[in-house]
Every structure is written in structure tokens, then in C-alpha cells.
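Read the numbers this way: they start at 1 and go in the same order the structure lists the ligands and their atoms. Along the sequence shown, the residues carry numbers beginning at 1.
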Amino acid sequence: MYTPVCIQDFETHAFKVLPKGTLDYYKSGAGQQLTLANNRTAFSKLRIRPRCLRNVRTRSLSTTVMGTKAALPFGIAPTAMQKLAHPDGELASARAAEKMGTIFILSTISTTSIEDVAAAAPNATKWFQLYIYKDREVTANLVKRAEISGFKAIVVTVDSPMFGIRRDDVRNNFKMPPHITLANFVGEKATSVSKRQSGSGIGNYVASLFDASLEWEDIRSLKKLTTLPIMVKGILTKEDALKAVEIGVSAIVVSNHGGRQIDSVPASIEVLPEIVKAVGSKVEIYFDGGVREAVDVFKALALGAKMVSLYLVSNYCKVFFISQVFMGRPILWGLAYNGEEGVTKVLKVLKSELENVMTIAGCRSISDIKPDMVVHESYYSRL
Ligand SMILES: Cc1cc2nc3c(=O)[nH]c(=O)nc-3n(C[C@H](O)[C@H](O)[C@H](O)COP(=O)(O)O)c2cc1C
Ligand SMILES: CCCCCCC(=O)C(=O)O
């Protein structure tokens, strides 16, 4: 079998083996796909400034997320309908996350139920991504089920009052194949959700069922439904980041939904410094969008780092840093390669790349990755 050595290799393989409708759904961005491309281009414009002779004989990639240790600073972003890539779908990716000691975020629109994922990967740190439905009973039920099943956080996606127009999905009249179900909606309410889905594209599903009337106060109400920490995913401005802090969320995911919502929003990595600067250490900040290599993880961690002066008198400074970077599509490419083993391989490739980059750059731990170790390319043209 073809042996991938980098995430690009997994992608090339997936492009060959996935059916056209699935591949187009997974890979597409909105509109002309400018933001999708820019999620990558923006990373390529950043330069790493390595440091030498720092005794990097022992290294650790571990980090702390919401008070819990994670073995890796990168995890699995929520992506819908993973059984389109492999029959084991979300079970495979959750198990791979468990094996590698990293975080797994399950999509509301999963093809495996909350309970089945929990049973398959009991020791993984699992978070549940929530789309808020017009029917608040459906929403409350999802939150309760995630809580009872041992998920450790609710990640509310706030960038999707309507879905971005992904042109290939429209051209393909993309629908879920009949042998696959939206597994969180089997049962009374679910039937109505699933039935509406069949025969209509995803844009129609979202328009008919997701709640476009959401406001910040709804996030406050959501907090009353659960004891789990609430995170908001899809923040792209400092104004919204500060609003999220004011409402009392536990974390913010800086994300442009993989370029799938508004074409021409900035790359996630372009937005990160503005948000870190505004929010500081008030809440945890995570990141996704365009991560395909360990150098991208390194760059995001560096730009997410912020020096915070704790005790001005003693001049003691602590560095707060973003503790997790998430990936969407690379996990789907891993699934398409070989289910659980494929996703594990994707995570392992990235892990060994990151160890390599950190070691050569003089970093023994994630907290050694400092803001001044990454600069924009214009830094050098000014010299
Ligand atoms: C096929 C696909 C399905 C997705 N489904 C969801 C979803 O159900 N919920 C959600 O919040 N984000 C979803 N996303 C967005 C991802 O969580 C993440 O923000 C994005 O994929 C990150 O970009 P990357 O693919 O470049 O890593 C999806 C993305 C893709 C590509
Ligand atoms: C059938 C509902 C579609 C959900 C889509 C999930 C998603 O967020 C995406 O970007 O696609």
C-alpha cells in the first residue's frame, strides 16, 4: 500500500479514492474559495526564527487544556458525516484520539451517536460540538446526552446562522447517501430531522432546522442548561472575542470554518494575534484552519503566545499560550486512507514533525515556543 509521509500524501490519496460528491463536500470552501486558499498561503508567509544551543536532548509535546493534560498540542476538529470517508467514521477518529492522548470534538451532524462514540473511546478527552436547533428541546437533549456520556465541554458553533455557498455541493446537489444516518437524531425528534435531510441539500437542512435568530443572550441561556464549560467556535474579531468573554464562555476557538462560510474573511492565522491581544489570559484560546504540517502548529502556538505581566512589582512574567490547534480535513484524509489506523498515522506524522521542528528550533516544551520565534515575511524585506 502507498505509504504517506506527510499530510499532503494523505490528501493526494483521498482525492483518488473518495467518490466525487463526498470529496467535493469535504474539500470545498465557500464562493471562489479565496479564504480556503488563504488559510494555507497565510501560513506560508510566516517565518520561524530558531534558537540554537539550548540543550534539547529531552522534549515534551504535552500541554494542559481546561485543566486536563493532553499529550499533544493538536487535536481533532468537529467534521460532519465521517462515515462518508470510512465505514467506522467517528468511532475510528475518536479511538485514534484516545490512542494518541489528544482531544476529539464530535460534530452534532455525526454519523455515529454521542453514546456510541463515548463507549468506543471512554478514555479520550471528548468535547461535543453543538449546532443550536430552532427546536430548543432537540438542542437541550443533545447537551444532556453529551454531559451524561462523559463529554467534557460543549463547543457551540457561532459562525453558521446560514451555510456558506459551496458551489460544488450545489452543482452536485449533494445529499447524504441513504445508507448513512445522522446518528444523533434517531428516535422521535430525530426522525423529523433525518427525514427533512433526505431529498434536500445541506444548505436547505441548515436553513430549515438551525436557528438563525441566535444572539449572545442565547449563549448565556445555554450555560444554564449544563455544568459543562461552554466554548464558542468561529470567532474572527476582537469585538466578538471580548463579547464572548463578557458572556462568560470558557474558551474561544478562532476559526473561519475551514473557509466554508464567508469567502474573503481573513485566514484564521491572520486573526489570531488580534484576538490573543484583546483577550489575553481571560479565557483559553484555541485555533483551527489550514493546519497541514507541524510548522503550522508551531506558528499558531507562537502567535498565540502572549507575555502577561503578573506581578509588576517583582517583574515576574508568565507566558500564556494557546494550548490546542485543531485540524478538520487532515483527519478525513486519514479516515479515507485506513479508518482508525489512518487517523492515527496522520496524528503520528504530525507528532514526529513537531518534535523535529521544536528540537531544531531550540524548544524543549510547548511553553518554550515564544511569540518572537515567528515573524511575518515582511520582517526580512524591511532589513
Ligand atoms: C467536511 C467538513 C465538515 C465540517 N463539519 C463541521 C461541523 O459539523 N461543525 C463545525 O463546527 N465545524 C465543521 N467543520 C469545520 C471544522 O470544524 C474546522 O473549523 C475546519 O475544518 C478547520 O479547517 P481545516 O479543515 O483546514 O483544518 C467542517 C469542516 C469540514 C471540512
Ligand atoms: C446536513 C447538515 C450539514 C451540516 C454541515 C456541517 C458543517 O459544518 C460543514 O461545514 O459542512
Side-chain angles (χ1 to χ4, degrees), residues 7 11 14 18 21-30 33 35-40 42-43 74-85 89-90 93 104-111 127-133 154-166 168-169 174-177 180-185 193-210 231-236 253-261 265 267-269 286-293 296-297 300 325-336 346 350:
I7 288 174
E11 181 175 314
L18 288 174
T22 297
L23 178 63
D24 284 348
Y25 168 63
Y26 282 171
K27 74 175 170 56
S28 290
Q33 310 188 114
T35 296
L36 175 69
N38 201 29
N39 270 354
R40 293 294 306 134
F43 270 121
F74 49 85
I76 300 182
T79 53
M81 301 188 261
Q82 296 188 0
K83 281 194 182 172
L84 292 176
E90 295 83 0
S93 38
F104 173 77
I105 312 182
L106 180 70
S107 167
T108 291
I109 311 296
S110 57
T111 41
W127 297 349
F128 182 69
Q129 177 271 324
L130 182 71
Y131 278 124
I132 298 188
Y133 283 73
I154 301 293
V155 182
V156 192
T157 300
V158 293
D159 60 13
S160 307
M162 184 181 265
F163 259 48
I165 299 171
R166 298 121 193 211
D168 281 342
D169 290 345
F174 176 72
K175 294 188 200 98
M176 226 172 51
I180 282 173
T181 51
L182 298 187
N184 290 324
F185 303 101
V193 174
S194 293
K195 268 194 188 143
R196 282 195 210 200
Q197 199 278 334
S198 71
S200 66
I202 57 167
N204 295 339
Y205 174 95
V206 171
S208 64
L209 294 166
F210 289 8
M231 308 172 175
V232 284
K233 171 175 180 284
I235 298 292
L236 289 175
V253 187
V254 175
S255 168
N256 59 26
H257 210 114
R260 290 160 77 81
Q261 287 299 89
V265 298
S268 303
I269 195 68
Y286 313 126
F287 172 89
D288 77 27
V291 173
R292 300 293 180 269
E293 306 180 87
D296 305 331
V297 177
V325 167
F326 290 95
M327 288 176 293
R329 294 178 183 88
I331 302 304
L332 301 171
W333 310 148
L335 275 176
V346 163
L350 207 66

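Atom 1 (C) of ligand 1 has its nearest heavy-atom neighbour, among Arg260, Arg329, Arg166, in Arg260.
Taking any N or O of Val291, backbone or side chain, none lies under 3.5 Å from an N or O belonging to ligand 1. Between Tyr131 and ligand 1, at least one N/O pair is under 3.5 Å apart. For the pair Thr157 and ligand 1, the shortest N or O to N or O distance falls below 3.5 Å. Here's the thing with Ile109: none of its N/O atoms is less than 3.5 angstrom from an N/O atom of ligand 1. In terms of N/O distances under 3.5 Å, ligand 1 is not approached by Leu332.
For Asp288 against Lys233, the heavy-atom pair with the smallest separation is OD2-CE, 3.5 Å. Shortest non-hydrogen contact noted between Gly289 and Phe43 is O-CE1, 3.4 Å. Residues His257 and Ser160 share a closest heavy-atom pair of CE1-OG, 3.5 Å.
Put simply, the side chain of Asp159 never gets that close to the backbone of Asn256: no donor and acceptor are under 3.5 Å apart. Side chain of Gln261 to main chain of Gly164: a donor-acceptor pair is present (N/O by atom type, distance under 3.5 Å, no hydrogens or angles). Remark: side-chain polar atoms of Tyr25 are not paired, donor with acceptor, to backbone N or O of Leu84 under 3.5 angstrom. Here the side chain of Arg166 pairs a donor or acceptor atom with the backbone of Arg260 at under 3.5 angstrom. Remark: side-chain polar atoms of Asp296 are paired, donor with acceptor, to backbone N or O of Glu293 under 3.5 angstrom. Side chain of Thr79 to backbone of Gly328: no donor-acceptor contact under 3.5 angstrom is found.
Only side-chain heavy atoms of Arg166 come within less than 4.0 Å of ligand 2; its backbone N, CA, C and O stay farther off. Neither the backbone nor the side chain of Met176 comes within 4.0 Å of ligand 2, counting heavy atoms alone.
The protein heavy-atom contact nearest to atom 19 (O) of ligand 1 is Asp288 OD2, 2.8 Å. Closest to atom 8 (O) of ligand 1 among all protein heavy atoms lies Ser107 OG, 2.7 Å. Of all protein heavy atoms, the one closest to atom 16 (C) of ligand 1 is Pro78 O, 3.3 Å. Counting only heavy atoms of the protein, atom 23 (O) of ligand 1 lies nearest to Gly258 CA, 3.4 Å. Looking only at heavy atoms of the protein, atom 5 (N) of ligand 1 is closest to Ala80 N, 3.1 Å. The nearest heavy-atom contact from the protein to atom 12 (N) of ligand 1 is Lys233 NZ, 2.9 Å. Regarding atom 31 (C) of ligand 1, its nearest protein heavy-atom neighbour is Tyr26 O, 3.4 Å. Atom 21 (O) of ligand 1 has its closest protein heavy atom at Gly328 CA, 3.6 Å.
Shown in contact with Phe163 at under 4.0 Å from a heavy atom are these atoms of ligand 2, numbered in order with element: 5 (C), 6 (C), 7 (C), 8 (O), 9 (C), 10 (O), 11 (O). Distances below 4.0 Å separate heavy atoms of Tyr205 from the following atoms of ligand 2: 1 (C), 2 (C). Applying the 4.0 Å criterion to heavy atoms of Ala80 picks out, from ligand 2, the atoms 6 (C). Listed by number with element, the atoms of ligand 1 under 4.0 angstrom from any heavy atom of Tyr25 are 1 (C), 3 (C). Against a heavy-atom cut-off of under 4.0 Å, Ser255 is close to the following atoms of ligand 1: 19 (O).
A centroid separation of less than 6.0 Å is found between the aromatic rings of Tyr133 and Phe210.
Within the structure, ligand 1 has Arg292 among the residues with a heavy atom less than 4.0 angstrom away.
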Go through Gln82 and Thr111 one step at a time and tell me if the side chain to side chain donor-acceptor pair (under 3.5 Å) criterion holds. CA-CA 6 Å; Gln82 296 188 0; Thr111 41; over 6 Å; no
